[in-house]
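Accompanying notes for the structure given below.
Note that the structure is a prediction, hence the values are computed from the model and not measured.
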Amino acid sequence: MSAKPHYFGKLSRYYLWYTGCFVLFLVALAILEQEGMPRLWIGHLFMFATIALYATIGVICRTSNVTEYYVAGRRVPALFNGMATAADWISAASFISLAGGLYLQGFDGLAFIMGWTGGFVLVALLIAPYLRKFAQYTIPDFLAARYASGGGGNGGGRGALVRAIAVGATILVSFTYVVAQIYAVGLIASRFTGVDFSVGIFLGLASILVCSFLGGMRAITWTQVAQYIILLVAFLIPTMWLSAKHADNPIPQVAYGSLLNKLTEREAQLAQDPREEQVRAEFRRRAAEYAARVDALPESWEAGKLEAQRQLAEARARNASLGEVRQAERALATYPNSSDEAQALWIERRDANLERARPPEPHATPFPGPTQEASDARRNNFLAVVFCLMFGTAALPHILMRAYTTPSVHETRVSVFWTLFFILLVYLTIPALAVLVKYDLYTSLIGSDFTALPTWISYWANVDKANPLVSVADINGDGIVQLAEFAIDADVLVLATPEIGGLPYVISGLVAAGGLAAALSTADGLLLAISNALSHDVYYKIVQPNASTQKRVTISKLLLLAVAFIAAYAASQKPADILSLVAAAFSLAGSTLFPVLVLGVFWKRANHQGALAGMVVGFAVCLFYMLRASPGLGGNALDAWFGILPMAAGVFGMPAGLLTVVVVSLLSAPPPRTGDAMVDYIRAPE
């Protein structure tokens, strides 16, 4: 398994002891809950015990050695590197949001499962072994050496420009991704410790920094192995419980297929239920009302503002209750400030009501749609998302960096096998969890009495009162919960699963700890990728080539600190849902870095000019499409090309970048022969 069996055996013993102690910790908390320990204390114990564990590993593994800090000394055995990479990979999007996405989207959500796992096949076949043979520190290192005008490994001359653009892409991709992770940290911390969302973000940030700041890749690697064990246990236990509860089989990957037929029958019942239709009709009426307001702008905005002012003045004149006056004040304060703002807000609310007015879509039906054209559009988006996630995976800097940490090229190849194995343990469970939770909610919550709502609904509704993560409202006034009256955010489904399934609260704390482990492990890797790119590729390779090793590591730590706080601030603004942010990062990575990485290994004719043009064009096309088609970025969904979603912008950016590298390379002078020698070296068997 490893070039050093003694080292591998010692690590195995450490983590077996760790796993045993973690199980004992769970059992102890379960006993304490039975004895009456308050739920808040259990949540605090889980949060702070796991954070203290990661901090301890970070302190023990602190280092100022360059090779240890950047690539963990290149001595991580394949199995443990696979676990660490899996933890690095199973981010908040995978652990927290993916099952929720499958719950809401049904078959369409499988695009994320297929794209993310398929991407690791590309990593294993096309990139990772060759990066390990190159044996440097960062992705810009490889690109600068491969596309330098003289083919040298120092990245000097025109190679510095390739390095600079690659650094820019690394920072942008990793920053977009890390914001999503820190957002998830805030969501978990605020729910299970009771602190404000923004405060929760900075509490989680402290844990991230202790690991990555003190020990770099060395500390992050051993922390991520510990985090993988936690997140695997946290994901499997509630899923196995629900599987045994609804299918009498504790193996969810096998059992959930039998529930799909029952779920389909339940969906058909709800689609035909007259009370459900009453609620959907009310949402259609509200949508029509917002549409009429949009059509009547700007007069409707002026009339609405005058009406809000009149209601406030009337409430004050008749000495209405304080609550009524405050409500009128809030209505006026939150009224749109201009007709343009009103248009954007009312269109958003119109679309939201239209979405709630639709009958439930069959979970297991591929690409359902009212017309063939609508079904084809969903199929095209499914394929586009798979494409972007696959090629984005094969170009993510924080994942590819792990190819440098193994003892040999062979260990790198084996490491990718273990990575896929450990990822699949979770990814094959995610579709099962989505079906199990959906069936549970459709059969237990939907159709129940409003006076008997479970307590978890009020817990999650109060996490973010401005934009509730869970909402239930009696729209038709019959006192019965209809499906159209219930809404749950994709980002909380997994975190709420133990409470939905009726599990003890200690399992809720465990799932929160698992979600925190997933978010922190990925955030650690991303922040290190950014700080290493800045300190190694910019400061050491371009600005100060004579810097001492101690100074290089110190600069990396300071830059990591700065980037972490900037990312935390961005996350506190709640820029988008987790899955959308992550998908955008993958599109940008695939468009900018994948063409130059793959052609740099397999096509000797690719040259400096082609690499520069390919990275710029791929990035520009991808970003342009996102800005053009994303309403959240000022674009218009009606301007989408072929109906492709903005998150799949890489389906245009990656081919554009690849074609540009080929065309520009062929139209310009061939690269120096020293570049050919480098390609021959990295492709030669070990």
Identify the residue among Phe8, Phe422, Trp418 that makes a ring-ring contact (aromatic ring centres under 6.0 Å, His included) with Phe80.
Phe8

Does the side chain of [X] pick up a donor-acceptor pair with the side chain of [Y] at under 3.5 Å?
X	Y	answer
Thr522	Asp88	no
Asn532	Thr138	no
Arg402	Thr221	yes

Count the heavy atoms of every other residue, nucleotide or ligand shown that sit under 6.0 Å from OH of Tyr14, and state whether that count exceeds 12.
no

How far apart are the C-alpha atoms of Leu425 and Tyr228, what are their side-chain angles, what is the distance that settles it, and do they pass the side chain to side chain contact (heavy atoms under 4.5 Å, CB included) test?
CA-CA 11 Å; Leu425 288 180; Tyr228 178 79; 3.6 Å; yes

Kindly assign one of parallel, tilted or perpendicular to the pair [X] and [Y], based on the angle between their ring planes and the thresholds 30° and 60°.
X	Y	value
Tyr130	Phe602	perpendicular
Phe417	Phe421	parallel
Trp641	Phe624	tilted
Tyr427	Trp116	tilted

Please report the shortest heavy-atom distance between [X] and [Y], naming the atom on each side.
X	Y	result
Pro646	Tyr625	CA-CE2, 4.1 Å
Tyr7	Trp222	OH-CZ2, 3.2 Å
Val679	Gly600	CG2-O, 3.6 Å
Ala160	Ile542	O-CD1, 4.0 Å
Phe95	Leu231	CE1-O, 3.4 Å
Val596	Leu593	CG2-O, 3.2 Å

Does the pair Arg75/Glu68 count as a salt bridge with the N-to-O cut at 4.0 Å?
yes

Is any side-chain heavy atom of Leu534 less than 4.5 Å from a side-chain heavy atom of Ile171?
yes

Decide side chain to side chain donor-acceptor pair (under 3.5 Å) for Thr406 and Thr412; before the verdict, give the C-alpha distance in whole Å, the side-chain angles of both, and the deciding distance to 0.1 Å.
CA-CA 6 Å; Thr406 54; Thr412 298; 2.5 Å; yes

Using side chain to side chain contact (heavy atoms under 4.5 Å, CB included) as the criterion, point out the one residue from Leu588, Ile530, Leu396 that pairs with Tyr177.
Leu396

Just do the side chain to side chain contact (heavy atoms under 4.5 Å, CB included) check on Asn381 and Ile644 with the steps written out, would you?
CA-CA 6 Å; Asn381 272 296; Ile644 298 299; 4.0 Å; yes

Determine whether Ser535 and Tyr70 satisfy the following criterion, side chain to side chain donor-acceptor pair (under 3.5 Å), listing intermediate values before the conclusion.
CA-CA 11 Å; Ser535 64; Tyr70 285 159; 3.2 Å; yes

Checking Arg413 against Phe120: charged group under 6.0 Å from the ring centre and within 45 degrees of the axis?
no

